[in-house]
Number of protein chains: 2
Amino acid sequence: MNLKKFISLALFSLFAVNIQAQEGYELWLDYKEVQDRTIEKNYAAFLNNVDIIGNSSTIQAIKEELQLAREGFGFDDSETGGDSKLIIGVQSKLPSSLRNQAKTENLEEEGYNITSLKNGKTILISANSEVALLYGTFGLLREMQQQNDISNLKIEEKPKIQKRVLNHWDNLDRTVERGYAGFSIWDWHLLPELIKPEYKDYARANAAIGINGTVLTNVNSNALILTPHYIEKVKALAEVFRPYGIQVYLTARFSAPIELGDLDTADPLNEDVKQWWKNIADEIYAEIPDFGGFLVKADSEGQPGPFQYDRTHVDGANMLAEAVAPHDGIIMWRAFVYSEEDPDDRAKQAYDQFIPYDGNFADNVLVQVKNGAIDFQPREPFHPMFGAMPDTPLMMEFQITQEYLGFSSHLVFLPKLFEEVLDEDTYADGKNSTVAKVIDGTNSNKKLTGIAGVANIGTEKNWTGNPFGQANWYGFGRLAWDPYMDSEEIAQEWLRINFSNEEDFVKTMTDLLIESREAVVNYMTPLGLHHIMATSHHYGPGPWVDDLGRPEWNPVYYHKADKNGIGFDRTSSGSNALAQYAKPLEEKYSNPETTPEKYLLWFHHLSWDYEMDNGKKLWDNIALHYQKGVEQVEEMQATWNKMEQYVNEREFKKTSMLLEIQLKEAKWWRDACLSYFQQFSEMELPAGVPEPEHNLEHYKSIDRPYAPGINPSW
Amino acid sequence: MNLKKFISLALFSLFAVNIQAQEGYELWLDYKEVQDRTIEKNYAAFLNNVDIIGNSSTIQAIKEELQLAREGFGFDDSETGGDSKLIIGVQSKLPSSLRNQAKTENLEEEGYNITSLKNGKTILISANSEVALLYGTFGLLREMQQQNDISNLKIEEKPKIQKRVLNHWDNLDRTVERGYAGFSIWDWHLLPELIKPEYKDYARANAAIGINGTVLTNVNSNALILTPHYIEKVKALAEVFRPYGIQVYLTARFSAPIELGDLDTADPLNEDVKQWWKNIADEIYAEIPDFGGFLVKADSEGQPGPFQYDRTHVDGANMLAEAVAPHDGIIMWRAFVYSEEDPDDRAKQAYDQFIPYDGNFADNVLVQVKNGAIDFQPREPFHPMFGAMPDTPLMMEFQITQEYLGFSSHLVFLPKLFEEVLDEDTYADGKNSTVAKVIDGTNSNKKLTGIAGVANIGTEKNWTGNPFGQANWYGFGRLAWDPYMDSEEIAQEWLRINFSNEEDFVKTMTDLLIESREAVVNYMTPLGLHHIMATSHHYGPGPWVDDLGRPEWNPVYYHKADKNGIGFDRTSSGSNALAQYAKPLEEKYSNPETTPEKYLLWFHHLSWDYEMDNGKKLWDNIALHYQKGVEQVEEMQATWNKMEQYVNEREFKKTSMLLEIQLKEAKWWRDACLSYFQQFSEMELPAGVPEPEHNLEHYKSIDRPYAPGINPSW
């Protein structure tokens, strides 16, 4: 091939690459060409001269990743910088001269150092395990993706939480409960033979942000996953994930001993049942020695559990814990429980069911608690269980998939939501006992810690549907590693890596991301309103719904709007859910005047003309918040339209189209909710809030039976 | 960027391109780099100097396609060949000097010429419509993809069938009935706002093979698709497809007038019902002026239809035909009907129900008939309706998705199957009245003609899951254009375009493709056996199933194995289905001695020791065919392993993994069926056929409730 021909070809190839990258499949592992020649030379000098100690599959993964980075960044193999060198090795295998340069005593198994030595001519990544070296490698590449100065690195990183897992609510038929990015990436039918490239790329992406576990199956679980036919498939995935430090977990259906046809009881204190689960565990561990354990949803929303046998959560969890304990497995036992018989405020029930058992769970049990006491709302006060079980390790459950936040078409930057929860003070151990400190074990010095994110991943070409959905997966991983990280920092990192390092872009878009969370609160559930979404799929507004089988499934249960006002009285004059919080909070939130406005209607039922801080009536404030939410989306659109120069064409267009949907739906929310509430307030809309386009009957008549994410088995 | 840097970058870019192409997303529009410098220069000279007359969206599509081809082939813009030129124009707009060079009188709307003029220095693509120019452009590019000589082109092409449509059995929840390539590519929830790039690429791929219609929804249909909420979404797709000459069709649920809440009857002779459908048609055509019409499955497998009102298929079809006739729409009325009350041979029922109405259907009705009288089996004799309704246009329905042929994991080249059906002689109008002549209108000179393929397309990154599934989509399109085309020629075309023009590869793999169809017949249903698949999902063998609600749903109904023998007696001593065929066939097939062995047990019940042509007993032949099928898959594996050099890495590996599944399942079929039938034959397996690995109880116990492709609404 002559040079001219070659260059011509190369030009066309660049075009094709562009199209590929534009789909977003690469996630944050898109090592974009480094344009600045000085930076490029500097980075290339290190990546082109690498010493890696070892030869395991994890070391192999590090080598492959470095090669992909070299290719993506555009480094020519011949670019070396004299004696520049990158050394990667487990501490115990390093030459002693290097070993003393960067101590790893405090890094435990997963921490790493990235240290500049010899006046910056050598970069050393050291750690106590190979997986930690992989984390360190990704850490260094992240610096390069952001084009940071690497001349004097002294990074010491160690995850603050041990079990950092994704929860996939994926069914065996590949539907995904609350999945808005297509269908399950686990192609069970063709496993174990067909190993799709996606499986490895999933592992790479997760390892790059420090996620070390994945629950493959839905919490509304299917016992068949425990049969040899499926374990063989799970094993195949586990083998792909292992080099990347990712453990596989499954959901355990409590009634499995009966459903798989072996026993006629699932009583956790029955010896045969205990033995049955031990056998299952043994069978799984024989195939998957590093199997993580089970996640269990029991006695919740129709799932079987120990209650049927007059046993407790402790009985159930500890029985399973015993089965996996010999193999170092753990049980993640969900606290998302509420009873159809219990007429008490749903927000109180999990606390009431679990608190009495504090200290009774086995050492390898984590109680997994959703961030709020209801269910993954646009905004909730932190769950009162956090801080209230000093002798029980509580695992945080966030939802990355946007069940109640507009599905995958709404741009909502969730790290901002996660951060808000993590930063809340529980006062459990005096002032500054934040939720983060509860779950990372600082409070009460817990030995087992964990955090889970319900995944937003599916078969969409870019994994998450909305290009910005990737930021939520990314941000969850970063916060799982360090729950004290600032959401703005996460936004900046992701924007730089994913789109552009141009400061104008990064600054403007960081502001947009940070504000996006408040926007969705405003146009859906401002001022502490919650759970007023349409039935079942939770797509769109449904504040009028009052005819569902269980009271606490109805939106009217949550907003309690009537002629006298709106809001859920959770003070002592109401459900007294407030009593579940520590005294300082209870006192503060008991009085509407001292309650933060963002939680106002969560804790108080107030009259429509209740006067708020801004001097305006509650009704006016509600209406203005809805309007503000719509305007925020309009601003997001305007901002995005200015970003075209920084973003590839396909993602630019796709985001523009999705923002169209978001704006349409923000208006739908505003108009439907205000039409509905206005019946009770009987007050005019304040200036600046337009009359709804349609009447209330129109909004009530909207029916979307095929909105995605509904479990077909329901 | 300096040159060195540029070249380095380019090299890495090529690597990345490779990965993209390796996923197979590009289908047959992957314009691979032309390596031969002479050929490349020659092609580039034409594609770099193009005159296109016009500026419509279709002309725009032609320009875009040529640009993509230039980029893919690797043509440098500067490569021109002096006065080499490609001219593309509708005949009436060409200068008169050119108009006389290539006549288009006989090309009708969709035919095209590709003609070399001026000693080969000019290539002219001419036609009577712009869509035909697009077909011609794809035709020329196909020549280039195969690196054919283009110095003296005189191609005149015109489709022999008018309506060439894909049938998507896609549900509104994105599940796909009998879908084995993921889920529906129609993302209804995000339409009409989100227009995915896939929609356009789908249109390009179809136009490239001449497909001009697509039925978006499942024949087991949902009335909601007819509501304005969905029509708006359908319209958005229609607008993407329109420049590519692809009309959109929908399935019409016969009971829609009731289900959508407007009427209390769906009686096709009721005036309100007629008016209701006219209104629906008017509403759709107001949004989509080129809407194609409706496909209807009525009074079949539980679908509503005219029978409930004591009306006929004619009443139902003609009522709908009247509604769409003012808009030039058509009705495709399916003949796949069999009754649970009718105890007669299921293979006979469609014929009996339809033949009496020959000549009674409205002019814009096509009766859509599956290729065989049962249901898309690995092999069936042609459906006796072909040739038996001289005054009714019959539309062929093939199934591209492999419901009964191993799903997407089995490599089976279906054009070989399609060709076998099309080439069969119906004797309807004397000798040589092939099925092809029935459906292309040659016989009886029918004015409306059509062919449908049930799509194998889904959300998989390469559209079809199995890389070779693409060949079946491609081949269906080519045969729809020209039902007389040779399946070997199709195989060669596709192999060249998709993988490599190396003769060794093309020849070897053509043989493999052609043989692959006989392999699946051998290991599933040799010698005329049929419908012995497992229940519901049809995944794997289930010859023992005898407990389903309706007799004709049970495999035992079809093979009738007992101590005395095996096979379905469809001669006059049995169901006499044979009487539905023309005399020469009836006579030939009445005698097992003159019945082609491939149909033997379709038409005859024979004793296990019946002696066949090879001197061996029937039992031995059955067993040897099963064994042969397994060996054929083993040979396919061996052949494939030699092809690594010609195929990209990802598709090579993927195919290898899938062949592993195919081999495992071929053995499963062989062992399960022989174990089962051996109970009745009570004969030893012949030499060369290994004993089954497990006993019959094992095979009967295999349960795969989550095999893909089951309609969740069932």
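Lettering of chains follows the sequences in order, A, B, ..., and the numbering in each one begins at 1. None of the values given here were measured: they were computed from a predicted structure.
- Side chain of A:Lys233 to main chain of A:Pro192: no donor-acceptor pair is present (N/O by atom type, distance under 3.5 Å, no hydrogens or angles).
- Among A:Glu660, A:Glu460, A:Lys653, the residue with the largest count of heavy-atom pairs under 4.5 Å with chain B is A:Glu460.
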Quiz item: B:Trp640 and B:Leu411: side-chain contact (heavy atoms from CB on, under 4.5 Å), yes or no, with the steps?
Solution: CA-CA 11 Å; B:Trp640 183 249; B:Leu411 193 171; 5.9 Å; no
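- A distance-only check finds a donor-acceptor pair linking the side chain of B:Tyr699 to the backbone of B:His694 [under 3.5 Å].
- Applying a 4.5 Å heavy-atom cutoff, the residues of residues 179-189 of chain A that approach chain B are A:Gly182, A:Phe183, A:Asp187, A:His189.
- For chain B, the nearby part of A:Tyr230 is the side chain; its heavy atoms alone come within less than 4.5 Å.
- When atom types are taken as modelled, the side chain of B:His537 and the backbone of B:Pro705 share no donor-acceptor pair closer than 3.5 angstrom.
- Of all the listed residues (B:Lys654, B:Arg704, B:Lys461), the one sharing the greatest number of non-hydrogen pairs under 4.5 Å with chain A is B:Arg704.
- Within the 3.5 Å criterion, the main-chain N or O of A:Glu403 finds no donor-acceptor partner in the side chain of A:Thr401.
- The pair B:Arg37-B:Glu40 meets the salt-bridge criterion, since a charged nitrogen lies less than 4.0 angstrom from a carboxylate oxygen.
- Among the residues in residues 193-200 of chain B, those with a non-hydrogen atom closer than 4.5 angstrom to a non-hydrogen atom of chain A are B:Glu193, B:Leu194, B:Ile195, B:Lys196, B:Pro197, B:Glu198.
- The ring-ring contact (aromatic ring centres under 6.0 Å, His included) search around A:Tyr706 returns none, not counting sequence neighbours.
- A:Trp463 places a side-chain N or O within 3.5 Å of a backbone atom of A:Tyr25 that can act as its donor or acceptor partner.
- Shown here are the salt bridge (charged side-chain N to carboxylate O under 4.0 Å, His left out) partners of B:Lys667, two or more places apart in sequence or in another chain: there are none.
- Contact of A:Asn222 with chain B is made through the side chain alone, with heavy-atom distances under 4.5 Å.
- Among the candidates A:Arg174, A:Lys664, A:His229, the residue making the largest number of heavy-atom pairs closer than 4.5 Å to chain B is A:His229.
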Exercise. Would you sort out whether A:Glu665 and A:His410 count as a side-chain hydrogen bond (donor to acceptor under 3.5 Å, both in side chains), showing the intermediate values?
Key: CA-CA 9 Å; A:Glu665 295 183 358; A:His410 290 218; 2.6 Å; yes
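- Side-chain atoms of B:Gln662 never come within 3.5 Å of backbone atoms of B:Val633 as a donor-acceptor pair (strictly under, hydrogens ignored).
- No side-chain heavy atom of B:Val176 sits less than 4.5 Å from a side-chain heavy atom of B:Asn171.
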